[in-house]
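Shown next, in structure tokens, is the structure this report addresses.
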Amino acid sequence: MNLLEVNNICKTYGNGETSVHALKKVSFCVSKGENVAVIGESGSGKSTLLHIIGALDTPTSGKVEIGGKDIFSINDRKLTIFRRRNIGFIFQSFNLIPELTVEQNIIFPMLLDYQKPDKKYLEELLTILNLQERRNHLPSQLSGGQQQRVAIGRALITRPSLILADEPTGNLDTQNSSQVIALLKEASKKYEQTILMITHNRRIAQSADRVLQVSDGVLTDLGRRRE
């Protein structure tokens with residue numbers, strides 16, 4: 001069963017001779033629970049693709065379906081709610097709120113949606129991410145690896161069906177990178193979530209179930225990982 005279907009996505013910036021075709025008829029599907037890596041050079045269009053799938057940007061043409069819903073066929077207000085409840089974002093820059101504690105940063109998406117966090121699930125996440133003893137710390141009191149674990153917790157707290165990760169280990173050393181990817185995969189497997197992750201790290205990409213490559217706006221499916 002496909003959770004994500006991307007059909008003939010094009011993205012063009014500008015007009016006429018100065019126009020830039022960032023994405024050119026990109027199509028692919030991702031199954032529920034699949035872990036997919038997206039690789040490509042800087043400027044290839046992979047971040048643009050992720051932003052469109054996450055409804056942070058709009059395509060020039062084409063369609064994106066998540067859980068069978070055409071996300072660009074609904075109005076802005078409903079799309080904001082859908083995105084908040086169904087998509088978890090993890091960025092390279094962590095994007096934590098400096099005045100909030102670890103626990104407050106994790107549950108922040110729930111508060112935005114006027115929902116009460118599930119305390120049992122929160123404790124589960126803190127345990128999986130090894131943040132129990134850091135729950136009352138501010139981001140400035142954490143290491144880079146710990147901050148990224150908080151970002152993962154924030155992405156998972158709403159139990160989204162799709163996790164979009166844009167270079168989630170870009171600011172981390174090799175050891176922390178391996179730990180963060182392992183934690184992300186463990187959590188997504190436990191909660192049956194789908195991962196679409198951009199990475200420059202070939203080793204991390206090779207650990208995914210499948211690898212997609214974007215080059216000059218064109219997507220190529222490089223196939224599944226061999227066991």
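Please read all numbers here as calculations on a predicted model, not as lab measurements.
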Is there a side-chain contact between Q115 and R85 (heavy atoms, below 4.5 Å)? yes
Which residue in the set L49, T58, V26 passes side chain to side chain contact (heavy atoms under 4.5 Å, CB included) when paired with K11? T58
Could you check whether any side-chain N or O of R210 sits under 3.5 Å from a backbone N or O of E34, counting only pairs where one atom can act as donor and the other as acceptor? no
Do L126 and I128 belong to the same hydrophobic cluster, where Ile, Leu, Val, Met, Phe, Trp and Tyr are linked whenever their side-chain heavy atoms lie under 4.5 Å apart, directly or via other members? yes
Smallest separation among heavy atoms of I87 and G54, with atom names: CD1-CA, 4.0 Å
N/O donor-acceptor pair under 3.5 Å between N86 side chain and S161 backbone: no
Check for a donor-acceptor pair, side chain of E167 on one end and backbone N or O of H200 on the other, with a separation under 3.5 Å. yes
Decide yes or no on side chain to side chain contact (heavy atoms under 4.5 Å, CB included) for Q148 and Q179, but give the supporting numbers first. CA-CA 10 Å; Q148 192 58 294; Q179 290 175 352; over 6 Å; no
Between K46 and G40 (side chain of the first, backbone of the second, donor and acceptor by atom type, cut-off under 3.5 Å), is there such a pair? yes
Side-chain touch M197/K185, heavy atoms, less than 4.5 angstrom: no
Measuring from H137:NE2 to N105:CG, what's the distance to the nearest 0.5 Å? 14.0 Å
Donor-acceptor contact present, side-chain D221 to main-chain G223, <3.5 Å: yes
Side chain proximity check, R149 to R134, heavy atoms < 4.5 angstrom: no
Within the side chain of T194, is there an N or O that forms a donor-acceptor pair under 3.5 Å with the backbone of G33? yes
For the side chain of T60 and the backbone of T12, is there at least one donor-acceptor N/O pair under 3.5 Å apart? yes
Which atom pair, heavy atoms only, marks the closest approach of S207 to N35? O-ND2, 4.3 Å
When rounded to the nearest 0.5 Å, the distance separating CD of Q104 from CG of L96 is 12.0 Å
As a quick check of understanding, evaluate side chain to side chain contact (heavy atoms under 4.5 Å, CB included) for D166 and Q92, giving each step before the final call. CA-CA 6 Å; D166 192 351; Q92 178 178 345; 5.9 Å; no
Please walk me through it: do K24 and D216 pass side chain to side chain contact (heavy atoms under 4.5 Å, CB included)? CA-CA 8 Å; K24 305 169 184 176; D216 194 26; 3.2 Å; yes
Main-chain N/O of I204 paired with N201 side-chain donor or acceptor, under 3.5 Å: yes
Chi angles and distances behind the side chain to side chain contact (heavy atoms under 4.5 Å, CB included) call for I106, V150: CA-CA 6 Å; I106 289 176; V150 177; 4.0 Å; yes
Nearest atoms (heavy-atom pairs only) where F82 meets I66: CZ-O, 3.8 Å
Could you name each residue pair satisfying salt bridge (charged side-chain N to carboxylate O under 4.0 Å, His left out) that touches residues 13-23, not counting sequence neighbours? none
What is the minimum heavy-atom distance between Y13 and T48, and which atoms define it? OH-CG2, 3.6 Å
Looking only at non-hydrogen atoms, find the nearest pair between E124 and K190 and report the distance. OE1-CE, 3.3 Å
Between I81 and L79, is there shared hydrophobic-cluster membership here, with clusters defined by ILVMFWY side-chain heavy atoms closer than 4.5 Å? no
So does K32 get a backbone contact from the side chain of E192, meaning a donor-acceptor N/O pair under 3.5 Å? no
Has S27 got a side-chain atom pairing as donor or acceptor with N8's backbone, closer than 3.5 angstrom? yes
What are the two closest heavy atoms between F94 and G144, and how far apart are they? CZ-O, 3.5 Å
Taking the side chain as every heavy atom from C-beta outward, state whether V64 and L4 have any pair of such atoms under 4.5 Å apart. yes
